[in-house]
Amino acid sequence: MKNQVKKSHANQAYQLYYHGMMLPGFIFLILFNFVPMFGVIMAFQDYRPAKGFFGSDFVGLKHFKYLFEMPDSFELFRNTLIIALGKIVFTTIMSIAFAILLNEVKNRTLKKSVQTVVYLPHFLSWVVLALVVKNLFSVDGSINAMLGTSLNWLGSNSLFQPLLILTDTWKEFGYGSIVYLAAITSIDSTLYEAASIDGATWWKKVWHVTLPGIRTTIVLMAVMNLGNILNAGFDQVYNLYSASVYATGDILDTYVYRVGLQGLQYSFGTAVGLLKSVIAFVLMIGANKLAQKYTDSKIF
Amino acid sequence: MKADKFRTVIIYIIIILLGLVCLLPLLNIVAISFSSSAAVEGNMVGLIPVGFSTAAYEKILEDSQFWHSFLISVERVVLTLIINFVLIVLMAYPLSKTNAQFRGRNIYANLMIFAMLFNGGMIPTFLLVKSYGLLNTVWALVLPGAVPIFNVILVMNFFAAVPKELEEAAFIDGANPLQVLTKIFIPISKPVLATVSLFSIVGSWNDFYSGLIYMSKATYYPLMTYIQSLQINVEDLIKQGNLSAVVDSASLGNTNLNAAKIVVAVIPLLLIYPLLQRYFVSGIVVGSVKG
């Protein structure tokens, strides 16, 4: 009895500690995450820096109406979706294929060296890789030399999206394969033995054992990517695009930066950003529900 | 059996080719940085420097803005690392408790998940950072990312899996939660803490976006923003009618200089890459495929 009283007392004191430990982090979250959320009110105002958040005039949905009437809007959303989706699809396929092939490599030195090299681009900034890409894909660069062409990859509207998808896949497939490789190594090896006894070929084993074995991981990753479907990658696009490829290369994030922030159209830029945030939020919540339903695991 | 061997050979070839595809473009840049500008402009450089020259690196040594920006980057990385680490462990520990042990835990957790999934966007965040008076200070590069929520969750999951007996024994001995965190949880969680620390270092070293948004002058730029600002886009200059700048950038022949700059900028990452490789594999696997 006495012991119990003492324990609950101690627990009471712990509560204070726990709240105290959360406090510093929450001060930063409030200042830099939650307060800006209230800043989205600007999307419904004609924000003037001189008048501030509280003095600027409310204009209702004016900026959203303008966004939907603006001829560039369709292009912006289309570019964002195509680029983001292209990256997700190609990176996923390449990552899975690479993981399956790498799992076949029994030579440890080779395996380790290749892993070291293919994971590296993930850790490099697009500022750095943009120079690599510009160098490779310039009109007189190595890629054109190998193909025997003189294509203007960086300056042509028809080639810019494939370029973005290709180079992002190049950067991320190695890192992306880590999760799948881990899933493959945890597949029960007796399943492969049984398949061999049944006379299954390598392809059959990949199709009937490996892929079903990593199904959960594939679904989970696909679902997580769903939330990123409007994130076409500001860093990459900003470092590679130019005015001549705005028609296919401009995405929501670069548009908000260029027109909203640099062009000082604060309210309009906020409206575009808000629309994007809301759609992404709904998608993430939906994705989490899907993950729970199909894989019994949740993302958050 | 013969088919098996054949397949293995094909797989090894594909794997080696993919490795080379990742490696060669980077080696090409290193070779360019050590070549003479004439050879670079003539597109003669492959994987070995042509007309070996360290002129580009000598130029960087004299570029005071480069080293100034380099120091700003070092400063922001150190500050980010310390602040992230302290806030991550402080928050992950109480969050790893159940809602019965820490009343209010779920409210905090839900607020954090909300903050991770929804944000005010670029412009409101910029205006607030401005109103806090942080523009053109190193704090604008550090404080908006003070709490990396995803990493808090990663560490929280790790803490939650620590055997309860360890903690209970310490509490019976009269330790308080802060002591339990520093004496038991932090030492036992070295791999995951190494992972999130390395993420902090890499993320903040590579980030050019904060510098672009929050710094109005090149003197305040961190290294990546500085390097980015040098990538003059000739086509855009032509569109703006700025022909003298076009001529400048063409006559400078600065491809090898830029190459040398990114080589120097990547060296710090290469130095910690062996460490990264040791920890990030376990880190992301823990983070992304937990049941």
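Here is how names work: the chains are called A, B, and so on, in the same order as the sequence lines, proteins then strands, and each is numbered from 1.
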Check the pair B:I11 / A:W202 against side chain to side chain contact (heavy atoms under 4.5 Å, CB included), numbers first and verdict last. CA-CA 12 Å; B:I11 288 175; A:W202 184 76; 3.8 Å; yes

For chain B, find which of A:V117, A:V278, A:T201 contributes the most heavy-atom pairs closer than 4.5 angstrom. A:V117

Please confirm whether the backbone N or O of A:F123 pairs with a side-chain atom of B:N206, one donor and one acceptor, at under 3.5 Å? yes

A:Y257, part contacting chain B, at a heavy-atom distance under 4.5 Å: both

Is it the case that the side chain of A:W170 and the backbone of B:V21 share a donor-acceptor pair, with hydrogens and angles ignored and the cut-off at 3.5 Å? yes

Side-chain heavy-atom pair B:I14, A:F98 within 4.5 angstrom cut-off: no

State which residue, out of B:Y214, B:Y132, B:W139, fulfils the ring-ring contact (aromatic ring centres under 6.0 Å, His included) condition with A:F32. B:Y132

Which of A:G39, A:A183, A:G273, A:G25 touches chain B most, by non-hydrogen pairs under 4.5 Å: A:G25

Most heavy-atom pairs under 4.5 Å with chain A, out of B:A115, B:S131, B:G121, belong to B:A115

Please classify the contact between A:V272 and chain B as side chain, backbone, both or neither, with a heavy-atom cut-off of under 4.5 Å. neither

Hey, are the side chains of B:M112 and A:F26 touching, using non-hydrogen atoms and a 4.5 Å cut-off? yes

Top contributor to chain B interface from A:L23, A:D140, A:D253 [non-hydrogen pairs under 4.5 Å]: A:D140

Atom group of A:M42 that falls short of 4.5 Å from chain B, counting heavy atoms: side chain

Check the surroundings of atom CD1 in B:I107: do more than 12 heavy atoms from other residues, nucleotides or ligands lie under 6.0 Å from it? no

With chain B, the option among A:A145, A:S125, A:S142 that has the most non-hydrogen atom pairs under 4.5 Å is A:S125

In terms of heavy-atom pairs under 4.5 Å with chain A, which of B:V202, B:L181, B:I213, B:I262 leads? B:I262

Less than 4.5 Å to any heavy atom of chain A: does that hold for the side chain of B:M224, its backbone, both, or neither? both

CZ of B:R103 to CD of A:Q12: how many Å apart, nearest 0.5 Å? 5.5 Å

Angle between ring planes, A:Y266 versus B:F126, binned at 30° and 60°: parallel, tilted or perpendicular? tilted

Checking side chain to side chain contact (heavy atoms under 4.5 Å, CB included) for the pair B:L95/A:M22: CA distance, chi angles, key distance, verdict? CA-CA 9 Å; B:L95 285 171; A:M22 296 300 292; 3.8 Å; yes

Between A:N239 and B:Q228, is any pair of side-chain heavy atoms under 4.5 Å apart? yes

Interchain contact, B:D207 with chain A, by part (heavy-atom threshold 4.5 Å): neither

Please flag which part of B:Y93 lies under 4.5 Å from any non-hydrogen atom of chain A: side chain, backbone, both or neither. side chain

Heavy-atom distance under 4.5 Å to chain A: side chain of B:L23, backbone, both or neither? both

Portion of B:R7 that has a non-hydrogen atom of chain A nearer than 4.5 angstrom: side chain

So, the part of B:L128 with a heavy atom under 4.5 Å from chain A: the answer is side chain

Side chain, backbone, both or neither: which part of A:F38 has a non-hydrogen atom closer than 4.5 Å to chain B? neither

Where on B:A146 is there a heavy atom nearer than 4.5 Å to chain A: the side chain, the backbone, both, or neither? side chain

Region of A:L181 that comes under 4.5 Å of a non-hydrogen atom in chain B: neither

Do B:I149 and A:L29 touch side chain to side chain, with heavy atoms closer than 4.5 Å? yes

Give, as side chain, backbone, both or neither, the part of B:L134 having an atom under 4.5 angstrom from any heavy atom of chain A. side chain

Where on A:L120 is there a heavy atom nearer than 4.5 Å to chain B: the side chain, the backbone, both, or neither? both

Name the member of B:I16, B:L111, B:L269 that forms the most heavy-atom pairs with chain A at distances under 4.5 Å. B:L111

Given a strict heavy-atom distance threshold of 4.5 Å, which part of B:Y209 is in contact with chain A: side chain, backbone, both, or neither? side chain

Check whether A:V114 gets within reach of chain B through its side chain, its backbone, both or neither, counting any heavy atom under 4.5 Å. side chain

Name the region of B:L90, side chain, backbone, both or neither, that has any atom closer than 4.5 Å to a heavy atom of chain A. both

First locate atom CD of B:Q101, then atom OH of A:Y18, and finally report the distance between them rounded to the nearest 0.5 Å. 6.5 Å

A:N107 backbone acceptor or donor facing B:Y12 side chain under 3.5 Å: yes

What part of A:T116 gets within 4.5 angstrom of chain B, counting heavy atoms only: side chain, backbone, both, or neither? both

May I ask you to test the B:C22-A:F173 pair for a side-chain heavy-atom distance under 4.5 Å? yes

Quick one: closest heavy-atom pair of A:Q265 and B:I123, and the distance? O-CD1, 4.5 Å

Is there side-chain contact between A:P36 and B:N119, with at least one heavy-atom pair below 4.5 Å? no

Option in A:V40, A:V118, A:L131, A:T270 with maximal non-hydrogen atom pairs under 4.5 Å from chain B: A:L131

Using a cut-off of under 4.5 Å for heavy-atom pairs, which of B:L20, B:T8, B:V263, B:T125 has the most such pairs with chain A? B:T125

Heavy-atom cut-off 4.5 Å, strictly under: side chain, backbone, both or neither for B:L212 against chain A? both

Mind checking whether B:F114 and A:N33 have side chains closer than 4.5 Å, heavy atoms only? no

Taking B:P25 as the fixed residue, which of A:V132, A:N135, A:T167, A:V133 is the one that meets the side chain to side chain contact (heavy atoms under 4.5 Å, CB included) rule? A:V132

Can you tell me which portion of A:K106 sits under 4.5 Å from chain B's heavy atoms? Options are side chain, backbone, both or neither. both

Give, as side chain, backbone, both or neither, the part of B:L127 having an atom under 4.5 angstrom from any heavy atom of chain A. side chain

Pairwise side-chain contact, B:K97 with A:Y14, heavy-atom cut-off 4.5 Å (strictly under): no

CE of B:M122 to CZ of A:F234: how many Å apart, nearest 0.5 Å? 5.0 Å

For each of A:V256, A:L102, A:D235, tally heavy-atom pairs with chain B at distances under 4.5 Å, and name the one with the top tally. A:D235

When heavy-atom pairs shorter than 4.5 Å are enumerated against chain A, which of B:I172, B:V86, B:V129, B:L178 gives the highest number? B:L178

Let's go through B:F118 and A:L274 carefully: what are the C-alpha distance in whole Å and the side-chain angles of both, what is the deciding distance for side chain to side chain contact (heavy atoms under 4.5 Å, CB included) to 0.1 Å, and is it a yes or a no? CA-CA 9 Å; B:F118 187 80; A:L274 177 61; 3.9 Å; yes

Give, as side chain, backbone, both or neither, the part of A:L129 having an atom under 4.5 angstrom from any heavy atom of chain B. side chain

Trace of the side chain to side chain contact (heavy atoms under 4.5 Å, CB included) decision for B:L143 with A:L31: CA-CA 9 Å; B:L143 298 183; A:L31 286 178; over 6 Å; no

